[in-house]
Amino acid sequence: MNLNSIKIKRVFEEALASEIRKSFSEVIPDFNVFSREIHNSISTPRPEQGDLSSSICFALARLAKKSPMEIAHEMASKLETYLGKEDFTSRIKNENGYINLWLDEAEYSKHVLEAIFSEKEKYGISSIGSARKVIIEFPSVNPNKPWHIGHLRNALLGDSISRIFEANSYIVEREDYIDDLGLQMAEILWGREKFLHEDTKKYDTLLGEAYVEINKEITERHAEKEVNAILKKMEDTSSKESVEIRKISEKSVRAQYDTAFSYGIYHDVLVWESDIVREKLLKHAIDFLAEKKITQKCTEGKYAGCVVIANKEPGQATDAETDDEENRKVLIRSNGVATYLAKDLAFHMWKLGIIDCQFNFSEFIIQPNGKKAYTSSENGKAMGFGKADLAINIIGAAQQHPQNLLKRIFEEITGEQRILHLSYGEVSVKGGTLSGRKGGWIGTTKSYTADSLLEEMEKMTSDIVSNAEKPRSDIDIKEVSRKVALAAIKFEFLKTDPEKKVLFEWDKALDLNSNSGPYCMYMYARASRILERAGVGKEGIRLADADFKKITRGEDFMIIKQIGAMQETIEKACREYKPSIIATYVMELSLIFSNFYEKMPVLSGEEYRTLRTGIVMAVKQALFNMLCLINIDTTERM
RNA sequence: GGGCAUGUGGCGCAACUUGGAUAGCGCAUCUGGCUUCGGACCAGAUGGUUGCGGGUUCAAAUCCCGUCAUGCCCGCCA
């Protein structure tokens, strides 16, 4: 059994609960409520105060009308009987009213190293997902432009969240929604002859630049009606307009996916708006909602002739008195055309398997990781996509309201919370926004595309790699500088809480001094070299030869504790859907490791050698596993 | 007008969900450290009324009320 930080916490909690039940049950009104308080009272104190700590005596003090110090003193001595070798607990002390628990550092270290050596890349994974299927949608960029740095944030978040959910035993389907029937594509169609010319440029960039021109022209010539006429024709998926725009879109998406691949981002399935329309998914959905009486058809008033739905977010009352005109949202306009929300509802019904609508799928592309990405299509065959237990949408904070509406409607339909919206703050640049319409992504000197960001970053890293103080002759400069560039970008984007908005500035983005991605990679490379020097090959070391009595209360044990907390961290990142939690963990581990090898020589000193080599091996594995969750590649040398 | 989010040393962030011991990390600034397992490194120092004002509590960055600032959302657009 793997006794990591989660289980030790539970052991401590149970000991506390059982002792408190014995001594304080008379003053505790509801023990179930109080056990929650016990759970929350446990935290990790600073190292000199122990390995786990509980502040529960303060709560008991009020109930029992005694001082917390007194209670802590009595409790500590009673809790000593719970200490046991099998839990690796060795000491209980009370201090200032807190109860502090110490682990047996030798035994716990041995246990953690054994666990990580036997589980290797599986160490730290959790089973909380219990094979439930989750469909994660990202980044769903319109096919009329290249990915800019805002789309990149979305894609990196989606990719990392996918990895984190997989590490928690969810079955993950990475899905990308392509809106090839939107207004923007109609505009492309309107102006393609005048503005879209073949070029050596990447097709998505070509299209994006042409689109900005086209949009300007439409505004100047007041051609909105002509565009709308095209849009209407596109709705018929057999029309030549629809067929042509699908062709243009596919070419553009392939170009966008070259960008995705350069960042190591992959998908399982692409779903196209045009296929949704062809398969009449929308009609099925509207019928379903009408049958459930969730929607209604208005016959009079402002929304006469429309199909509408209550405009309320989760938790808001849906009773009749607030159910006036203002609180409705249109699904089908009086002219019979569906709104965006209606389409989104229909699509989510497919995602969650609420209505049965079989799309056909065919192979879209074989990705560099060897996995095929499939696409919905007119021809092809039925496959097992969709029908998920949970749908996660990686969508900007601007869409909070429609996403909440969506969540609420599905809560009404299914009676449970099966849609999650991972909302993230938008990326802006100094001059303004990254608008696709106005071309904000084009920038003034360098364009704010994901492609040029990687290109610029690679220039920087290749410079640093080749001009290092002690240049290495045994590395492939191109390969290493690309890996470092990617690490720098990914770490920078993922270390920040998704909720925070980001102001992108070139000089800050390219400042590698303040970036932790390469630092963590460096620590991995250092660990590799130490092991190489130690002569550790594939067979590893004999842990039985390690003298665990030599573990101190310094950086060595801090590393052990950090590694023991890996599963806890992976679960937390999943529950809160925050890759930044993983990034912080990796950063902390790197910092401790750096301190460790500075202070504690690994190779000199026979009696320490096997033990510390083992710790270095464990660090290397832990860094690898966790960096993988934020899609950062490691390198043995740099 | 209504709703959501954000506000923490000069800068960028963490801790807020679940109140707890001295508010943690990086950059920048200053001072030190390589004949030693890789200097993309390490040690030390300077720098904070956690936007502001109340309240709850033995205890508040964290919870509650108010307030200010910034950004976003609120269409028979997508």
Side-chain angles (χ1 to χ4, degrees), chain A residues 36-37 39-43 45-46 49 53-59 61-62 67-68 95-98 100 142 179 181-184 231 273 298 302-308 311 313 316 326 328-341 343-344 396-402 404 423 425-426 428 461 464-465 468-470 472 484 492 495-497 499-503 508 511-523 525-534 572 575-576 580-581 583-584 587-588 591 594-595 597-604 612-613 616 637-638:
Chain A
R36 183 80 207 154
E37 253 185 87
H39 179 86
N40 292 337
S41 78
I42 299 172
S43 63
R46 53 189 74 250
Q49 286 164 333
S53 174
S54 170
S55 61
I56 196 65
C57 298
F58 293 94
R62 185 176 49 243
S67 91
E95 193 183 342
N96 303 330
Y98 293 84
N100 298 331
N142 267 327
D179 184 7
L181 296 186
L183 183 66
Q184 304 199 343
L231 190 63
E273 165 96 31
C298 292
K302 189 176 161 190
Y303 296 124
C306 299
V307 174
V308 298
N311 183 15
E313 297 201 0
Q316 275 183 281
E326 294 310 309
R328 288 173 196 187
K329 197 86 189 167
V330 173
L331 292 186
I332 307 286
R333 298 176 200 123
S334 51
N335 66 1
V337 179
T339 61
Y340 181 77
L341 176 65
K343 294 176 188 176
D344 222 20
Q399 309 248 28
Q400 191 69 254
H401 180 66
N404 279 344
S423 156
E426 242 111 303
S428 60
T461 53
I464 291 170
V465 172
E469 267 191 55
K470 293 182 180 173
R472 302 200 63 91
V484 175
E492 199 58 25
K495 74 169 187 194
T496 309
D497 191 313
E499 272 177 354
K500 308 246 173 162
K501 48 186 190 275
V502 171
L503 179 72
K508 280 186 187 158
D511 178 10
L512 289 170
N513 278 329
S514 59
N515 190 299
S516 313
Y519 176 84
C520 297
M521 276 181 87
Y522 176 73
M523 289 308 153
R526 285 294 305 269
S528 300
R529 280 292 278 169
I530 292 172
L531 295 178
E532 205 176 300
R533 288 279 186 128
K572 193 173 183 222
R575 269 199 308 272
E576 299 179 19
S580 57
I581 290 171
T584 306
M587 181 63 197
E588 279 166 6
L591 273 169
S594 174
N595 273 292
Y597 74 64
E598 196 76 24
K599 287 184 196 156
M600 302 185 165
V602 176
L603 303 179
S604 54
R612 290 184 179 168
T613 305
V616 176
R637 291 155 196 235
M638 60 188 276

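Just so we're clear, the structure is a prediction, and the values are computed from it rather than from any experiment. A, B, ... follow the sequence lines: proteins, then strands. Residue 1 opens every chain.
Residue-to-nucleotide proximity on RNA chain B shows that, of A:M587 and A:P68, the 5′-proximal contact is made by A:M587. Between A:L341 and A:M600, it is A:M600 whose nearest contact on RNA chain B lies nearer the 5' terminus.
For the P atoms, the distance linking B:C30 with B:U70 amounts to 36 Å, nearest Å. Comparing the same atom, P, in B:C73 and in B:C27 gives a spacing of 36 Å after rounding to whole Å. Rounded to whole Å, the separation between the P atoms of B:U67 and B:G47 comes to 37 Å. The C1' atoms of B:U62 and B:G20 are separated by 11 Å, rounded to the nearest whole Å.
If you check B:U49 for Watson-Crick or wobble pairing at under 3.5 angstrom, you find it has no partner at all. B:U22 makes up no base pair with any nucleotide shown, lacking Watson-Crick or G-U wobble contacts both under 3.5 Å. Base pairing of B:C30: its partner is B:G44, meeting the Watson-Crick or G-U wobble criterion (both donor-acceptor distances under 3.5 Å). Remark: B:C72 base-pairs with B:G3; criterion is Watson-Crick or G-U wobble with both hydrogen-bond distances under 3.5 Å. Pairing for B:U57 is absent, judged as Watson-Crick or G-U wobble with the two contacts each under 3.5 Å.
The side-chain heavy atoms of A:R333 and A:T339, taken from C-beta on, include a pair separated by under 4.5 Å. At a threshold of 4.5 Å between non-hydrogen side-chain atoms, the residues A:R637 and A:S528 do not count as touching.
If you take CD of A:E598 and C1' of B:G39, they are 9 Å apart, rounded to a whole angstrom. Taking atom NZ on A:K343 and atom P on B:C77, their separation rounds to 11 Å, with Å as the unit. Separating the CG atom of A:L231 from the P atom of B:A78 is a distance of 8 Å, rounded to the nearest angstrom. Residue A:D179 contributes atom CG, which lies 10 Å from atom P of B:A78 at whole-angstrom precision. Residue A:I464 contributes atom CD1, which lies 21 Å from atom P of B:G38 at whole-angstrom precision.
Contact check, A:Y519 against B:C42: a side-chain N or O comes under 4.0 Å of OP1 or OP2. Considering only side-chain N and O atoms, A:R328 lies nowhere under 4.0 angstrom from the phosphate OP1 or OP2 of B:C76. Neither OP1 nor OP2 of B:A78 sits under 4.0 Å from any side-chain N or O of A:N142. The side chain of A:R526 contributes no N or O atom lying less than 4.0 Å from OP1 or OP2 of B:A40.
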Look for any protein N or O under 3.5 Å of an N or O in nucleotides 60-63 of chain B and output each such pair with its distance, or none.
none

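The ring-ring contact (aromatic ring centres under 6.0 Å, His included) test applied to A:Y522 returns no partner, not counting sequence neighbours. Scanning for ring-ring contact (aromatic ring centres under 6.0 Å, His included) contacts around A:Y519 gives an empty result, with sequence neighbours left out. Applying the side chain to side chain contact (heavy atoms under 4.5 Å, CB included) criterion to A:V602, with sequence neighbours excluded, gives A:I530, A:F596, A:R612, A:T613, A:V616. Not counting sequence neighbours, the partners of A:P45 by the side chain to side chain contact (heavy atoms under 4.5 Å, CB included) test are A:Q49, A:S53.
Looking at the side chain of A:P518, the nearest of the listed nucleotides B:G38, B:A40, B:C25 is B:A40.
If you check every strand for non-hydrogen atoms under 4.0 Å, A:E532 touches nothing. Nucleic acid contact class of A:V337 (heavy atoms, under 4.0 Å, all strands): none. Counting non-hydrogen atoms under 4.0 angstrom, A:N595 reaches the backbone sugars and phosphates but no base. Among the atoms of the strands shown, none is found under 4.0 Å from any heavy atom of A:M521. At a threshold of 4.0 angstrom between heavy atoms, the contacts of A:L603 include nucleobase atoms, whether or not backbone atoms are also involved. The residue A:A527 sits apart from the nucleic acid: no heavy atom pair falls under 4.0 Å. A:R533 comes within 4.0 angstrom of the backbone, heavy atoms only, and of no base.
A cation-pi contact, defined as under 6.0 Å to the ring centre and within 45° of the axis, is absent between A:R328 and A:Y303.
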Per-nucleotide protein contact string for nucleotides 5-21 of chain B (B base, S sugar-phosphate only, - none; heavy atom under 4.0 Å): SSS---S--S--BB-BB

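Of all the heavy atoms in A:E426 and A:A397, the pair that sits closest is OE1-N, 3.6 Å. Residues A:G97 and A:C57 approach most closely at O-CB, 3.4 Å, considering heavy atoms.
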